[in-house]
Structure formats: C-alpha cells, structure tokens
Participant: 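Just passing along the structure, written as structure tokens.
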Amino acid sequence: MEDVANVLIIGSGPAGYTAAIYAARAGLKPVLYQGGQPGGQLTITNDVENYPGYPEGVNGPTMMMDFQAQAERFETDVRYGVVTGVDFKKYPFEVTVDEEEVVNAKSIIISTGASAKWLGLPSEERLNSKGVSACAVCDGFFFKGQEVAVVGGGDTACEEASYLAKLCSKVHMIVRRDVLRASKIMAKRVMSTPNIEIHWHTETEEILGESEVEAVRVFNNQTGEKTDIPIKGFFVAIGHQPNTNLFKGFLDMDESGYIVTLPGSTRTNIEGVFASGDAQDKIYRQAVTAAGSGCMAALDAERWLAEKEMA
Ligand code: NDP
C-alpha cells in the first residue's frame, strides 16, 4: 500500500493525458495508469488530420507520445499497469492494478475509452489502416472521389455513410437485415442520398486486397449469392463498446454501458469519481472532444478536492 494519490487517472488516451496535464499543472501530482493499450485508440490510427494545431496532420502514435511527454513534463506519475478492480464504496477509493497492487486515491478520473467492435475476419485485421477503418471522420478523407463500403445499419453506420457520401463517389452500405436499426431520421437520410446504395440481407465474407483494400466479397444471407464490390475503403460501424465493465455496480450507466455524467460536467453518481472521454460519450467520440472532457474532469476534480478540504 502506498500513499494516497490526490487524483488517480485510469486510461491514457487524449482524455486521460489531458486530465493529467491539467491536474499536474494545478499541483495535484496525478498518478495515471496507462492500461492495456497505452495511448488508446489513436495508436491504431495512421494519420490524424482533424486535431487542431497540426496543420500537416500527425501520426496517431506520435501524437499520443506527445500527449504523454506533455503530461510527464508537469510531473504526472505515468505508470504501466492495467486497472483490474475498483472499490468506490471505500474512501479513499481503492484501485487494484494488475490484480495485485492496491492503490488509494482521493479522487478518480475515468478515461478508459471505448473499443470499436469488429467483424472478426482475418482480412479485416490484416488490412486495418490499409483501407479498413472504424472511423469515417478520421479516415474518410483518404478516399475522396472513390467508392467505399460501410457495414452496419445503426445510427453510427448511417452517420458514417452520410459523412462519406459527401466525399466519396459512392457508398455501399452492407446491412444484414431488411431494416435499419437507426433512428427514422437517419435512416431516411441515407435512403434519400443518391450515392448511397444499401445492400439488404447482405453480410461480409472477406475483404479483398493484398497491401490495400481492392474489393469486398459479400453474400446475400437469403440466397447465398456472392458478389465482389470494388471499393477502396471499408468502414466497420457495428457499434462501440465502452470500456466500463470494471465500474459496473458502482456507477450509473446507460443501457450500452456508457457512464452517465451530470449534464455539463464530468461528475458521476459517486462524489469524487469523474468520467471523461469515450467511456461517457457515445455521440462525438473524437480525440479533441475526449481531450476537452479530460480537461473538464481535471477541473471538476480539482474543485471537488478543494471544496472537500474546506468542508
Ligand atoms: P447499434 O448497436 O445501434 O447498431 C449496430 C448495427 O450494426 C446494427 O444495424 C446491427 O445489425 C449491425 N451489426 C452488429 N453486429 C454486426 C455484425 N457482426 N455484422 C453485421 N452487422 C452487424 O450501434 P451504433 O454504434 O450504431 O449506435 C450505438 C448507440 O449510439 C445507439 O443508441 C445509437 O442511437 C447511438 N448513436 C447516436 C448518434 C446520434 O444521436 N447522432 C450517432 C451514433 C450513435 P442488427 O440491426 O441486425 O442487429
């Protein structure tokens, strides 16, 4: 058991490191556990062109190393380790790292992010970042004027398809049923966009191409008929999974597992526990919005600690 941390940050994506930068500059000496994927989702992205301040774009892993360096410059204690358990019923809060070490903290900032769900095809993994993506806003630009496919029929898929339809010559939506799960307004939008073609009852068999995506082989799940659709970009939009299992039973969450925060803040239902980034945001999910909410979490934690000390 070691000393009690003022602020313990769980996760090392843009939300976690931004929270660290702000908490450290406020003199709180934050401790940050990086988790199983140091740097978070951006470390599996090649070029980030929509993060303000990088006019030429930046490589995702490089950007996350910069975030870390900035957090460490202000003496954030960045540690390797995966948080495997929490006890928010105890105070100071108890956090277990790598199933053995127990660390105590006066306040917690959760920035564990979310993970895109994938189809699980070998070709999808092989061609990841070579035409296969789970983020149209991040990667759509690379397929300007070309044909792409989007898999899924929910709001995310419709949003991705609508976004891509403005950039690409044609968008093929691959939908496994004969209806869209998406809200009516989103469904109507994609169905009335001339360069979006919906392939109903269709599933992906394989993505074709050696070093880059060349086509997708789909099959009709009613007739078994196979078709190869030539495309350059393949976007998987079958949902995201917030990385919040750890906090079940302690924190209020919506039906998909996103942590519920008090509107306009990062406060959760437990005083002293704050949530930022994709773990609590299923709408925007951008690096810059995650960073913004990480900043909010650090400010909320700082104020909460100050109020508590005065009480
Ligand atoms: P959803 O779970 O709502 O939809 C997932 C879609 O992917 C469904 O059409 C599903 O098909 C399909 N799917 C799932 N697994 C597979 C698979 N293995 N192969 C092929 N297709 C598959 O996820 P979303 O990310 O779209 O949305 C999550 C939540 O976030 C929703 O509540 C949504 O409303 C919300 N959201 C809101 C937005 C907004 O308000 N602007 C924007 C984006 C999301 P099936 O229907 O057959 O199960």
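None of the values given here were measured: they were computed from a predicted structure. In listed order, ligands and their atoms are each counted from 1.
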Participant: I need the nearest protein heavy-atom contact for atom 5 (C) of ligand 1: residue, atom name and distance, please.
Facilitator: I238 O, 3.6 Å
Participant: Have H201 and N220 got a donor and an acceptor in their side chains that come within less than 3.5 Å?
Facilitator: no
Participant: For atom 2 (O) of ligand 1, grab the closest protein heavy atom and report residue, atom and distance to one decimal in Å.
Facilitator: R181 CD, 4.1 Å
Participant: Between D155 and R181, does any side-chain N to carboxylate O distance fall below 4.0 Å?
Facilitator: no
Participant: Would you check whether H240 has a nitrogen or oxygen atom less than 3.5 angstrom from a nitrogen or oxygen atom of ligand 1?
Facilitator: no
Participant: Name the closest protein heavy atom to atom 34 (O) of ligand 1, giving the residue it belongs to and the distance to 0.1 Å.
Facilitator: D155 OD2, 2.6 Å
Participant: To which protein heavy atom is atom 19 (N) of ligand 1 closest, and what is the distance rounded to 0.1 Å?
Facilitator: L119 CD2, 3.5 Å
Participant: Looking at R126, K130, K232, which one forms a salt bridge (charged side-chain N to carboxylate O under 4.0 Å, His left out) with E212?
Facilitator: K232
Participant: Could you walk me through whether R285 and D278 pass the salt bridge (charged side-chain N to carboxylate O under 4.0 Å, His left out) check?
Facilitator: CA-CA 6 Å; R285 296 197 303 245; D278 290 11; 5.4 Å; no
Participant: Among all protein heavy atoms, pick out the one at the shortest distance from atom 41 (N) of ligand 1; state its residue, atom name and that distance to 0.1 Å.
Facilitator: E159 OE2, 2.9 Å
Participant: On the ring face of Y91, is K308 found with NZ or CZ under 6.0 Å from the centre and within 45° of the axis?
Facilitator: yes
Participant: Starting from atom 17 (C) of ligand 1, locate the nearest protein heavy atom and write down its residue, its atom name and how far away it is, to 0.1 Å.
Facilitator: R176 NH1, 3.4 Å
Participant: Please check atom 22 (C) of ligand 1 for a protein heavy-atom neighbour under 4.0 Å.
Facilitator: yes
Participant: Of all heavy-atom pairs between T76 and A24, which one has the smallest distance, and what is that distance?
Facilitator: OG1-CB, 3.7 Å
Participant: Evaluate the salt bridge (charged side-chain N to carboxylate O under 4.0 Å, His left out) criterion for residues E75 and K29: first the C-alpha distance (whole Å), next the side-chain angles of each, then the deciding distance (0.1 Å), finally the verdict.
Facilitator: CA-CA 7 Å; E75 293 180 27; K29 296 188 167 45; 5.3 Å; no
Participant: Does any N or O atom in G154 lie less than 3.5 angstrom from one in ligand 1, N or O only?
Facilitator: yes
Participant: Provide the closest heavy-atom pair for A165 versus T193 in the form atom of the first, atom of the second, distance.
Facilitator: CB-CG2, 3.9 Å
Participant: Using modelled atom types and a 3.5 Å cut-off, is there a donor and acceptor pairing between side-chain atoms of E225 and backbone atoms of T223?
Facilitator: no
Participant: Kindly identify the option in R177, R285, E203, E255 whose heavy atom sits closest to atom 47 (O) of ligand 1.
Facilitator: R177
Participant: Among protein heavy atoms, which lies nearest atom 25 (O) of ligand 1, and at what distance?
Facilitator: T156 OG1, 2.5 Å
Participant: For G153, is at least one N or O under 3.5 Å away from an N or O on ligand 1?
Facilitator: yes
Participant: Hey, would you say the F235 and F143 ring centroids sit under 6.0 Å apart?
Facilitator: yes
Participant: Under the 4.0 Å line, does any protein heavy atom show up next to atom 28 (C) of ligand 1?
Facilitator: no
Participant: Ligand 1 versus T204, non-hydrogen atoms closer than 4.0 Å: side chain, backbone, both, neither?
Facilitator: neither
Participant: In the protein, what heavy atom is nearest to atom 30 (O) of ligand 1, and what distance, to one decimal place, separates them?
Facilitator: K282 CD, 3.6 Å
Participant: Mark up the atoms of ligand 1 that fall under 4.0 Å of a heavy atom belonging to G152, in ascending order.
Facilitator: 7 (O)
Participant: Can you measure from CZ (R189) to CD1 (I185) and round to the nearest 0.5 angstrom?
Facilitator: 5.5 Å
Participant: Find all atoms of ligand 1 within a distance of less than 4.0 Å from any non-hydrogen atom belonging to G239, and give their numbers and elements.
Facilitator: 23 (O), 25 (O)
